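As the structure lists them, so they are numbered: ligands from 1, and atoms in each ligand from 1. Model, not experiment: these values are computed from the prediction.
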Amino acid sequence: MHPPGSDTVLVRYGDLGVKSSKVQRDMERTLSGNLDAMLGARGIDGEVEEVWSRPRIHTDPEDVERATDAVTDTFGVVSASPCTVVEPTMEAMREALVAAAREHYDGGSFAVRARRAGGPDAHSFTSEDVERDGGEAVWNAAQGFDPEVDLDDPDHVLYVECRPEEAFVFVEKRPGPGGLPLGTQRPLVALLSGGIDSPVAAWEAMKRGTPVVPLYFDFEAYGGADHVARAIESARTLAAYAPNHGFDLRVAPAGAAADRLVREVGATRMLSLRRYMLWVAEGFVRELGAAGIVTGEAMGQKSSQTSANLAVTDSITDLPVHRPLLTRDKQEIIQQARRIGSYEDATIEAGCNRIAPDYPETNATLEAVEAAEPDLEPLVGDALERIETVPL
Ligand code: ATP
Ligand code: MG
């Protein structure tokens, strides 16, 4: 929703704002580059203007809604508003508010909310003056609807953000993902199974500024072609949030390891399989110069994810294994997967159903796992040599 003729998108960020000014400036620059890439990827003609603490996008009025959607899919953005830009005078703001109300107000209660930025002398009026004056103008213009002012819980809000050089008028603050601009952290290798959890976990890491390199383990005879296809779809969905970062899916072989473990290991089989995956991932992290691993595991979600078992699987690697979903319930994860668009890629439970033993261990010790485990090292070495890249 936007006032008539809107050709600008106001961009707000959160966590960047608490950084030192040098870090903030660098991160703003990264954010601008990411916004530019997001617009480009969606074929939207728009120009990013870097303005300290309030970047903005200039675009054609007919593209302003799509540009706002692109902005609110960009990590680091807390909210965005398609808006009209006017002179920071009472008269111009009043006029723009009335125009916005004519387009959007159709009865019920309303409020004008104003914010002023700049020093105390930047304007000859206060934000309360803008709210009172603007509100009165809207009220007069809306007489046909029997208008009512409600400052606490209005049906319609008309916003003004008044800065020293210009004022923005808008009717919506569309929420973005928040977090930090992608590319402000060192990358992680994301174990992406094509299931429901792992794309959400990767997305959470990306939200905090971390590019991810998706790594899929192909269980071959134990998995099936559709599993790879789902992992590719998940990677594609995530890639749309990272248009200026490489996102090709890497596929590591895991059929031989699965086969060996199915034949030789009983109750602790899945733990050894996970140790195999983490060990291969560790080698891959080192090859890439990445900073760690991210998985979609959640405490207690499966037998391999009890607190005792996570301790045993983690001990195979010195790298940090990040688990953004550690404390999440499945229903919350599913809702988020729907929001970010990865749910459709993953409606069948992925993974290891054909590999799992009938009675998996839930409370393993490292000694027991190691005692039952064949030597994984040659399998890991072989897998690292055979990792393939599937371009999206
Ligand atoms: P998901 O967790 O993605 O929904 P899942 O629940 O079937 O899939 P789990 O057995 O819970 O998978 O595996 C836990 C985590 O291990 C996954 O979130 C993912 O990070 C990783 N993982 C599992 N299987 C694979 C695989 N085939 N390739 C890459 N990573 C995998
Ligand atoms: Mg899972």
*Heavy-atom contacts with Gln305 under 4.0 Å: which atoms of ligand 1 show up? List them by number with element.*
9 (P), 11 (O), 13 (O), 14 (C)
*Any chance the rings of Phe75 and Trp203 have centres within less than 6.0 Å?*
yes
*Trace of the side chain to side chain donor-acceptor pair (under 3.5 Å) decision for Arg12 with Ser81*: CA-CA 9 Å; Arg12 299 182 197 83; Ser81 299; 2.9 Å; yes
*Does Ser198 reach ligand 1 with a nitrogen or oxygen that is under 3.5 Å from one of the ligand's nitrogen or oxygen atoms?*
yes
*asked:* Suppose I only count heavy atoms of Leu215 and a 4.0 Å limit; which atoms of ligand 1 are within that range?
replied: 29 (C)
*Can you find an N/O atom of Phe219 closer than 3.5 Å to an N/O atom of ligand 1?*
no
*In terms of atom number and element, which parts of ligand 1 are under 4.0 angstrom from non-hydrogen atoms of Lys302?*
5 (P), 6 (O), 7 (O), 9 (P), 10 (O), 11 (O), 12 (O)
*Specify which N/O/S atom of Asp197 comes nearest to the Mg ion (ligand 2), by atom name.*
OD2
*Is the shortest distance from a Lys or Arg side-chain nitrogen in Arg163 or Glu165 to a carboxylate oxygen in the other one below 4.0 Å?*
no
_List ligand 1 atoms under 4.0 Å from Tyr216, heavy atoms only on the residue side._
27 (N), 28 (N), 29 (C)
*Min N/O separation Gly296 to ligand 1 under 3.5 Å*: yes
_Measuring from non-hydrogen atoms of Gln301 to any atom of ligand 1, is the shortest distance under 4.0 Å?_
yes
_Under 6.0 Å from the ring centre and within 45 degrees of the ring axis: does the NZ or CZ of Arg338 meet both conditions for the six-membered ring of Tyr343?_
yes
_Shortest non-hydrogen separation from Ser234 to Leu192 and the atoms involved_ = CB-CD2, 4.1 Å
*Side chain, backbone, both or neither: which part of Asp218 comes within less than 4.0 Å of ligand 1 when only heavy atoms are counted?*
neither
*Quick one: look at Arg274 and ligand 1, take heavy-atom pairs under 4.0 Å, and tell me if it's side chain, backbone, both or neither.*
side chain
_As an exercise, identify every atom of ligand 1 less than 4.0 angstrom from a heavy atom of Thr295._
20 (O)
*Quick one: which of Ile333, Leu191, Val189, Leu325 has a heavy atom closest to atom 30 (N) of ligand 1?*
Leu191
_Backbone or side-chain N or O of Asp197 under 3.5 Å from ligand 1 N or O_ = yes
*Taking atom types as modelled, is there a side-chain donor on Gln305 or Arg323 under 3.5 Å from an acceptor on the other?*
no
*Out of curiosity, Ile57 CD1 to Thr8 OG1, how far, rounded to the nearest 0.5 Å?*
9.5 Å
*N/O to N/O below 3.5 Å, does that happen between Ile196 and ligand 1?*
yes
*Under a 4.0 Å heavy-atom limit, does Leu192 contact ligand 1 with its side chain, its backbone, both, or neither?*
backbone
_Shortest non-hydrogen separation from Val51 to Arg56 and the atoms involved_ = CG1-NH2, 3.5 Å
_Strictly below 4.0 Å, N to O, side chains only: are Asp15 and Arg208 in salt-bridge contact?_
yes
*Hey, could you give me the NZ/OH distance between Lys207 and Tyr241, rounded to the nearest 0.5 Å?*
12.5 Å
*Using distance alone, determine whether Phe217 and ligand 1 share an N or O pair under 3.5 Å.*
yes
_Short N/O/S contact of Gln301 with the Mg ion (ligand 2) (below 2.8 Å)_ = yes
_Under a plain distance cut-off of 3.5 Å, with no hydrogens placed, do Ser109 and Glu148 share a side-chain donor-acceptor pair?_
no
